[in-house]
Amino acid sequence: MANIQPIGSRVLVKRLEAEEVSAGGIVLPDTAKEKPQEAEVVALGTGGKDDSGNTIEFTVKVGDKVLISKYGGTDVKLDGQDMLILSESDILGIIS
Amino acid sequence: MANIQPIGSRVLVKRLEAEEVSAGGIVLPDTAKEKPQEAEVVALGTGGKDDSGNTIEFTVKVGDKVLISKYGGTDVKLDGQDMLILSESDILGIIS
Amino acid sequence: MANIQPIGSRVLVKRLEAEEVSAGGIVLPDTAKEKPQEAEVVALGTGGKDDSGNTIEFTVKVGDKVLISKYGGTDVKLDGQDMLILSESDILGIIS
Amino acid sequence: MANIQPIGSRVLVKRLEAEEVSAGGIVLPDTAKEKPQEAEVVALGTGGKDDSGNTIEFTVKVGDKVLISKYGGTDVKLDGQDMLILSESDILGIIS
Amino acid sequence: MANIQPIGSRVLVKRLEAEEVSAGGIVLPDTAKEKPQEAEVVALGTGGKDDSGNTIEFTVKVGDKVLISKYGGTDVKLDGQDMLILSESDILGIIS
Amino acid sequence: MANIQPIGSRVLVKRLEAEEVSAGGIVLPDTAKEKPQEAEVVALGTGGKDDSGNTIEFTVKVGDKVLISKYGGTDVKLDGQDMLILSESDILGIIS
Amino acid sequence: MANIQPIGSRVLVKRLEAEEVSAGGIVLPDTAKEKPQEAEVVALGTGGKDDSGNTIEFTVKVGDKVLISKYGGTDVKLDGQDMLILSESDILGIIS
């Protein structure tokens with residue numbers, strides 16, 4: 001099985017199917033300007049320093065269910081699953 | 001019930017319906033270039049450091065009624081309510 | 001009556017009607033590329049730090065009559081009056 | 001008579017009519033990409049700090065005849081005269 | 001045989017043919033907004049300082065199989081092979 | 001005769017006519033994407049600090065023959081001569 | 001014969017004709033998004049400080065054969081040869 005280690009401040013997330021979305025119901029309106037999507041964090045980036053020389057610290061952790069911006073990141077199909085590599089700054093919030 | 005913890009300097013707000021808008025009457029003109037809207041702050045972001053390394057401090061607090069810029073943020077429907085995740089910098093002012 | 005507390009470096013101004021404009025006569029030419037308008041400062045923002053970490057200090061004060069750039073800020077109708085929330089940097093000058 | 005105190009690094013200049021232009025003759029070519037214009041400095045801004053936290057110092061002084069970029073600044077008619085509020089960085093040079 | 005030493009934070013990568021892609025199967029969806037591609041790192045840049053004065057450190061090393069953004073870098077054919085010179089920041093992740 | 005003192009990091013140059021161009025022959029190709037032109041430095045700017053707070057130092061000096069980018073600067077006709085006020089960063093090189 | 005001393009971080013390069021390209025064969029694909037070209041470094045810039053106040057250091061040296069980005073720099077014909085003045089950051093790599 002192949003794995004991907006995201007670089008820097010990127011994270012790897014797995015898109016959640018309808019049946020996996022959080023109970024309690026975050027429903028995304030059809031008319032939303034920018035439709036967010038639910039996903040699960042699979043891997044954090046290598047970290048290091050960002051462009052301003054600050055140490056990269058992640059707010060999310062592996063396993064977190066997150067809301068992600070629809071536009072952002074790069075789609076990757078890994079072992080048959082829809083994954084996405086995106087900057088942590090494209091994650092809007094953590095679903096609990 | 002699902003909750004969303006916004007990340008970084010983002011806040012989660014609930015759009016206010018007409019009957020909920022502040023007494024005294026902020027009426028938004030139809031011809032406004034950028035029509036602001038009233039909303040109530042539901043959750044503050046995780047904070048941390050911004051891109052320049054400054055600690056993020058919030059000016060608004062949970063429960064504040066705020067004016068938000070019409071263009072900005074991402075719509076989310078949470079338990080049937082219209083919510084919005086947006087950067088605090090997209091909040092124009094606090095209504096009192 | 002509702003009030004608005006602008007956030008950060010924003011200010012709240014009230015547009016001045018023709019009969020309120022400063023005696024002595026600042027007349028704005030019809031052909032101006034960017035037509036400024038006269039307004040009166042109603043409230044200063046909450047201040048704090050700007051994006052570079054500098055403390056926000058206001059040059060204008062409540063009651064100042066100011067010239068504002070026509071394009072900039074967000075229109076708000078507050079208790080029947082045309083108000084504008086704008087960044088202080090969109091104020092061109094103080095009329096005296 | 002009304003006066004305008006420009007804010008920050010802005011200056012107020014008065015456009016010079018043909019008969020007022022400097023002897024010796026700066027003639028602006030018709031085909032110039034960006035046609036500069038002659039003007040006289042009427043008031044300096046309030047100064048303070050610029051966005052990088054540097055103290056604003058003016059190179060021009062009241063009374064200087066200057067060449068200004070045609071595109072830049074905001075036209076204001078003050079007591080019947082064509083004035084312009086512009087950033088000092090839109091002044092190309094001092095005419096002597 | 002000619003070699004290329006990338007300058008600064010750039011890296012030289014060799015595009016991988018279908019038969020060379022990692023076992024376990026990263027399959028790139030046809031509908032991906034931005035289709036990443038697999039490549040192998042052939043040479044690291046000269047390093048030095050970046051524009052902010054920070055020392056350039058590479059996260060990838062020669063021999064790493066990487067996912068690269070489809071749009072980014074410059075194609076070079078070197079001794080008959082499809083190579084690409086790109087900034088390390090255009091590498092999305094390391095495949096293991 | 002009128003003179004112009006450029007402000008800050010700007011310089012004043014005089015365009016060179018064909019008969020004045022440097023012996024040895026820099027010929028500018030007709031098909032060049034951006035056709036540079038030869039000019040002579042007439043006056044250096046007032047210097048001071050640039051936007052980052054660094055002291056402005058000039059590499060060129062009055063009398064230098066320089067190659068200038070075709071797009072950049074503002075044309076001024078001074079005492080019948082074609083002059084140009086431009087930032088020193090729009091000077092490509094010194095001709096010797 | 002005329003010479004050009006590039007200013008700051010610019011370098012002067014001579015485009016290489018087909019018969020001069022490096023043995024071993026860097027062939028540039030016709031379909032490349034951005035077709036690089038081979039050139040030889042003829043002169044380094046005057047150096048000094050860049051906009052961030054860092055001392056400019058050159059990675060290339062006179063005589064280096066380099067790959068340059070097709071889009072970038074300014075064409076100059078010097079003594080009959082096709083030259084290019086470009087920022088060192090537009091050099092992709094050194095050919096050896």
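Residue numbering restarts at 1 for every chain, and letters A, B, ... go by the order of the sequence lines.
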Hey, could you give me the CD1/OG1 distance between G:I68 and E:T74, rounded to the nearest 0.5 Å?
11.5 Å
Do G:L92 and E:R10 pass the side-chain contact (heavy atoms from CB on, under 4.5 Å) test, and can you show the C-alpha distance, the side-chain angles, and the key distance before you say yes or no?
CA-CA 8 Å; G:L92 301 173; E:R10 293 182 181 92; 3.7 Å; yes
Answer with side chain, backbone, both or neither: which region of G:V60 has an atom nearer than 4.5 Å to a non-hydrogen atom of chain E?
side chain
Hey, does G:L67 have a side-chain heavy atom less than 4.5 Å from the side chain of E:I85?
yes
State the CD1-CD distance between E:I4 and G:E38, to the nearest 0.5 angstrom.
8.0 Å
